[in-house]
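All values below were derived from every heavy atom in this structure, side-chain atoms included, with hydrogens, water molecules and symmetry-related copies excluded.
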2 protein chains.
Amino acid sequence: MTGTQTPAGAGAAPAIDALDGRLLELLAREPRIGVLEASRRLGVARGTAQARLDRLRAGGVIRGFGPDVDPAAIGYPVTAFATLEIRQGQGEQVRRHLREVPEVLELHTITGQGDMLCRLVARSNADLQRVIDRVVGFEGIVRSATAIVMENPVPFRIVPLVRQAAGLAPETGPAAAEG
Amino acid sequence: MTGTQTPAGAGAAPAIDALDGRLLELLAREPRIGVLEASRRLGVARGTAQARLDRLRAGGVIRGFGPDVDPAAIGYPVTAFATLEIRQGQGEQVRRHLREVPEVLELHTITGQGDMLCRLVARSNADLQRVIDRVVGFEGIVRSATAIVMENPVPFRIVPLVRQAAGLAPETGPAAAEG
DNA sequence: GTCGTTCTGTACATGATGCCCAGGAGAGCG
DNA sequence: CGCTCTCCTGGGCATCATGTACAGAACGAC
């Protein structure tokens, strides 16, 4: 470990270099790839690729390799974002409430006192009503606004950001948005 | 393609059963696990686990096993959501514009004519201004509102939804929110 | 110049993978 | 009731990747 940096809190942020960036990009594009195959493609020794990967994982850059599950494929094709206004001091209760709702895929607290933003999924537009009722049916929530997702022109991606962080040139190929 | 919508193949989306659900949960919790180890934990033959996994992947339930990269760890600790109002007929241009911005991690079109919602990251609050300027500095965007994420009480998770879809009992353990 | 770090190339033992097959249990159908 | 189809089981096999280790070379820092 080169543990000179000890950034408390937010971002550890050990800037990644070009090799890290290429490794991450490779893993994002072809997750089934192994360390050995990755090292071949990167043109480095296997030990190097392995050391880099270990370092990225230890440094928290790679949180894990969780399966990317498509909610639509398991019966939840409708996605929505709900903005919730929370009564003063009810934040913790609301958090606990929303954590219990499976259809709440993620929850953020955002600027503006008492505001939260959450991503929801539902089995249908009609079912979304049920989900919203359950979500907002809680005393601590004083107001809510829901926006239904119609299309997803840019699915979640990380590769372009990784390339930028690694000092690599922006993608130029035909398919310039993956990962 | 639009990642969230159900693909044209319509007939697909076969409800997953309990074994599928447990397999998905296992993979979500311990991604480094192999098929062999998974089959042991599930108490089924290896061939069964392998067949189930293959089926889940073929059916689009598992899109892949991409590395879960933490933007904060590569120098982008600030997250924000921006709502954009788009001028009639400029949607496609705006999409292409936003696709070119690495800090745009995902983009959705939402209800309300001409509205989009995107997730942004930045190196700092000050840097966020630069990102927003780049995002909204485009003729097709007539208005925008940004909400900075302060906390993330529920990071993106899929396990509770999978359990529900698979007909398994909701999580009851001490740590009831992962994935 | 010398030290410390990183990368290289190689080696080895272990274990997982991909693939195959015969048999058995269960569900649905005629 | 008996049949067939599907799925799961349990085993085997060859190949391949993994984890780990080590000595030497390249590079930059002091």
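We find that CG of B/D17 is positioned 17 Å from P of D/dT6, with the value rounded to whole Å. Per the geometry, CG belonging to B/L56 stands 13 Å off P belonging to D/dC7, to the nearest Å. Between the CG atom of B/L19 and the P atom of D/dC8 there is a distance of 7 Å, given to the nearest Å.
Salt bridge annotation for B/R46-B/E37: absent, with no cationic side-chain nitrogen under 4.0 angstrom from a carboxylate oxygen. Electrostatic pairing of A/E25 and A/R163 counts as a salt bridge here, judged by a charged N lying under 4.0 Å from a carboxylate O.
Using modelled atom types, one finds no donor on one side chain facing an acceptor on the other under 3.5 Å when comparing A/Q88 with A/Q113.
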For nucleotides 9-24 of chain D, 5' to 3', base contacts (B), sugar-phosphate-only contacts (S) and non-contacts (-) with protein non-hydrogen atoms under 4.0 Å give B--B----SBBB----

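A cation-pi contact, defined as under 6.0 Å to the ring centre and within 45° of the axis, links B/R123 to B/Y76.
Under the ring pair (Phe, Tyr, Trp, His ring centres under 6.0 Å) criterion, A/F65 pairs with no residue at all, not counting sequence neighbours.
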